[in-house]
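Written out below as structure tokens is the structure these notes cover.
Labels below follow one simple rule: chain letters A, B, ... track the order of the sequence lines, proteins then strands, and each chain is numbered from 1.
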Amino acid sequence: MIKITFPDKSVREFEQGIKAYQVATSISTSLAKTTIAASVNGKVVDLDHQINSDAGIIFHSFSSKEGKEVYWHSSSHIMALAVKNLYPNVKVAIGPAIEQGFYYDFEAEPFADEDLRKIEKEMSKIIKSGMKFERNEISREEAIKMFESKGEDYKVELIKELPEGEVISTYSLGDFTDLCRGPHISNSSKIKHVSLLTSSGAYWRGDSNNKMLQRIYGISFPDKDELEKFLMIREEAEKRNHKKLGRELNLFSFFPEAPGSPFYKKNGLIIFEKLIEYWREEHKKDGYEEIKTPVILKRELWERSGHWENYRENMFTSEIEGDQFVIKPMNCPGGILLYNSELHSYKDLPIRSGEIGLDHRNEFSGALSGLFRVRAFHMDDAHIFMTPAQIKDEIIGVIKLFARVYKTFGLEYHLELSTRPEKSIGTDEAWETATEGLRGALDAYGIGYEINEGDGAFYGPKIDFKIHDALSRQWQCGTIQLDMNLPERFDVTYIDENSDKKRAIMIHRALYGSIERFMGIIIEHFGGFFPLWLAPVQVTVIPVSDKFNDYAKSVYDKLNSLGYRVEFDDRSEKVGYKIREADGIKKTPYMLVIGEKEVETNIFTVRQHKNGNIGELSLEDFISRIKVEVDTRILPEGYKLEFNK
RNA sequence: GCUAAUGUAGCUCAGUUGGCUAGAGCAGCUGAUUUGUAAUCAGCCGGUCGGGGGUUCAAGUCCCUCUAUUAGCACCA
């Protein structure tokens, strides 16, 4: 008999060699039903796994991270079998679970949408037939022989690279045997609802020198509702697509004459300016100064900073009178020139120097994507120059600043600390100090964070803010990067208490990341229904007929003179028509319909986007309402996606 | 940059196996209508079918090429 310990610390005895699923069944059939895999002594295993000695056990259902991973990984195998059934000549490469779903790479002709539908159908057959996943452990030689005989070159390549002594396991599902570490679900029938999403090219092993394979992405869920919710979010994301809304709301345009470079229209520029206005307000509160440095700077500067060597292919250059110039891709070298233009006492530090800099980067054509990835953008940069002793407090200050700004947009976020990458400069000691500085700040601030081992910049560790939008999608926005490179290269110093010259500590930080990208994110986050302080048009005044135009115009004039962004729709159209346009299409936060009743009583029925009529207010009350809403930057109601369940 | 798909009016889209003068809705303009909370009616305007080259008696349609866009990959020190 062996002793098995459960998560609640209870212990029960079982026959030696009992399988994990039998343990689950012994507890309850419902547990056995929802269980996908188990962890035995912390290692995730198949439910068929035999337990031979005392162990701790945890069962994983789809709701856990481990459960999802196994579920999706198995789904990818089912997809591979389906593809092999339909297209026997394809070769399989790899097929893992990912954060949301799974994919499998094949050497094959590109798959069209119809192919995906066919593969889905084949998958449901496989699922319905209830095939078993069978695990086998085989020797390296056997494995190579087997996959070679099947012509699965990619698998052979993978096996040959496995370290000596590694257990080589395969999982078979019907005729399809795949090299796989596992674990897997026990039976294909556990996969309930599958949808194949997209297919496109992907390089073998992610290397652009290698052959391009065909990748199919898919998702699966045990419950139909979950699949529907997933697809609904995708649909909603499509509706909120910032390129589409940008056109509909007259925010910006792109032209082939300047790929990747947005042209802001009147309405978009309002949002752009308001974002910066708010940024300035918050930074001023925190003791930042603001500077502005030139866009075009000589090549020598970039050689000194190291960009010429390391970032060359992303930089635009220009030649003027025989000298080479760089259109700046970043603001830091210019900012450092300014810092270095005077001597700094320790008493001056920290210096928090902000710059909304217009940067250009030669992003590869295939990388461009609306406002999310552009060639011309405004970085909301700031550099903080300080003494080593100030690191912790400064970092905490930045985190607090970012936190309060994201809150204003209703954006959730989590933090990630990225540590030293393989390719990096600086001594171990310097990295240690720098990383501990960031870690110390995070701990002192008292917020949870994830560690991204080895994901730091080559010049220093960083803290990244991953923000979560209204559709629960994640975006990289804010970043705080400690730089151990540029201060050396530019000899950035301050004078300490003993009149000694000391190396200053420098951090780069950006809150929005880039104004362009952030604007794209909030367009989708709000779905075009902006908070009043950001909305390009805040109020539309709608006279019922031109009999009321004069009075309505006076209301418009009043709001306009107070500085609100108001439109006056005096076209000879029906009220319904104007409402449809102002509310449904332009998503104007407030509408005032003005007819006989308003003229007589001076009381307005105020209509709000998404929320319909919100009550009757005098003009004065309406004005004080919107004043509060603008001044305190209240979030709109109803921009978040609501589910029926 | 790579793979694939796409590009027809300002927008969304039709346009057979190549075959008359390229269509529709919305938007815009003009007029009528004077309207009470998500589309009033009529008329008009609007296109070198992304650019260039080719095949053909004939090209929006087929081929080549360039370009832009989209998705993914790679990239994002």
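Across all strands shown, A:Gly584 has heavy atoms under 4.0 Å from base atoms, whether or not it also approaches the sugar-phosphate. Across all strands, A:Glu596 comes closer than 4.0 Å to base atoms (heavy-atom distances). Counting non-hydrogen atoms under 4.0 angstrom, A:Lys423 reaches nothing in the nucleic acid. Using a 4.0 Å heavy-atom distance criterion, A:Glu598 is classed as a base contact. Nucleic acid contact for A:Gly456: none, since no nucleic acid atom lies under 4.0 Å from a heavy atom of the residue. Looking at heavy-atom distances under 4.0 Å, A:Met330 makes contact with a base. Residue-level contact check: A:Ser208 touches the backbone only, with heavy atoms under 4.0 Å from sugar-phosphate atoms and none from bases. Within 4.0 Å (heavy atoms only), A:Arg607 reaches at least one base atom of the nucleic acid.
A:Glu355 and A:Thr293 share a donor-acceptor pair across their side chains, judged by distance under 3.5 Å alone. Looking at A:Tyr203 and A:Arg205, their side chains never bring a donor and an acceptor atom within 3.5 Å of each other.
Summarising the base pairing, B:rG23 is matched to B:rC13 through a Watson-Crick or G-U wobble pair whose two defining distances lie under 3.5 Å.
At whole-Å resolution of the value, CG in A:Asp569 and C1' in B:rA27 are 14 Å apart. Residue A:Phe364 contributes atom CZ, which lies 18 Å from atom P of B:rG72 at whole-angstrom precision. The distance between atom CD of A:Gln214 and atom P of B:rU3, rounded to the nearest whole Å, is 11 Å. Summarising the geometry, the separation between CZ on A:Arg205 and P on B:rC73 is reported as 18 Å, rounded to the nearest angstrom. Rounded to whole Å, the distance from CZ on A:Arg234 to P on B:rG72 is 9 Å. In this entry the distance linking CD of A:Glu257 with P of B:rU69 reads 11 Å, nearest Å. A straight line from CG of A:Asn314 to C1' of B:rG1 spans 11 Å, rounded to a whole angstrom. If you take CZ of A:Phe372 and C1' of B:rC75, they are 18 Å apart, rounded to a whole angstrom.
With values rounded to the nearest 0.5 angstrom, A:His73 atom NE2 is found 12.5 Å from A:Ile98 atom CD1.
For the OP1/OP2 pair of B:rA38 and a distance below 4.0 Å, the side-chain nitrogens and oxygens of A:Lys610 include no atom meeting the criterion. The side chain of A:Arg373 contributes no N or O atom lying less than 4.0 Å from OP1 or OP2 of B:rC75. Under 4.0 angstrom from either OP1 or OP2 of B:rU69 there lies no side-chain N or O belonging to A:Lys243. Using a 4.0 Å cut-off, some side-chain N or O of A:Ser369 falls inside it from OP1 or OP2 of B:rA71.
Listed candidates were B:rC75, B:rA38, B:rG36. Nearest to the side chain of A:Asp583 is B:rA38. Among the nucleotides B:rG36, B:rG1, B:rA68, the one closest to any side-chain atom of A:Tyr203 is B:rG1. In this structure, of B:rA74, B:rU69, B:rG72, it is B:rG72 that holds the atom nearest to the side chain of A:Met212. Among the nucleotides B:rU34, B:rG72, B:rU69, the one closest to any side-chain atom of A:Leu368 is B:rU69. Among the nucleotides B:rA38, B:rU34, B:rC73, the one closest to any side-chain atom of A:Tyr217 is B:rC73. When distances are taken from the side chain of A:Arg361 to each of B:rC76, B:rG72, B:rU37, the shortest belongs to B:rC76. Counting only heavy atoms from C-beta on, A:Ser365 has its side chain closest to B:rG1 among B:rU34, B:rG1, B:rC11. Considering only side-chain atoms of A:Ala367, the nucleotide from B:rG36, B:rC75, B:rA71 that sits closest is B:rC75. Comparing B:rC75, B:rU35, B:rG28 against the side chain of A:Arg571 picks out B:rG28 as the nearest. With B:rU34, B:rA38, B:rU69 as the choices, the nucleotide that has an atom nearest any side-chain atom of A:Asp546 turns out to be B:rU34.
Electrostatic pairing of A:Lys578 and A:Asp583 does not count as a salt bridge here, judged by no charged N lying under 4.0 Å from a carboxylate O. A salt bridge links A:Glu236 with A:Arg240: the closest approach of a Lys/Arg side-chain nitrogen to an acidic carboxylate oxygen falls below 4.0 angstrom. By the 4.0 Å N-to-carboxylate-O rule, A:Arg625 lies too far from A:Asp621 to be salt-bridged with it. Between A:Glu596 and A:Lys547, no side-chain nitrogen of the basic residue sits less than 4.0 Å from a carboxylate oxygen of the acidic one, so the salt-bridge criterion is not met. Residues A:Lys91 and A:Glu152 are not paired through a salt bridge, judged by the lack of any N-O separation under 4.0 Å between the basic side chain and the carboxylate.
Cation-pi contact between A:Arg312 and A:Trp308: present, with separation from the ring centre below 6.0 Å and deviation from the ring axis of at most 45°.
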Polar atom pairs between nucleotides 40-48 of chain B and protein, under 3.5 Å, N or O only, would you list them?
{"from": "B:rU40", "atom 1": "O4", "to": "A:Glu573", "atom 2": "OE1", "distance (Å)": "3.3"}

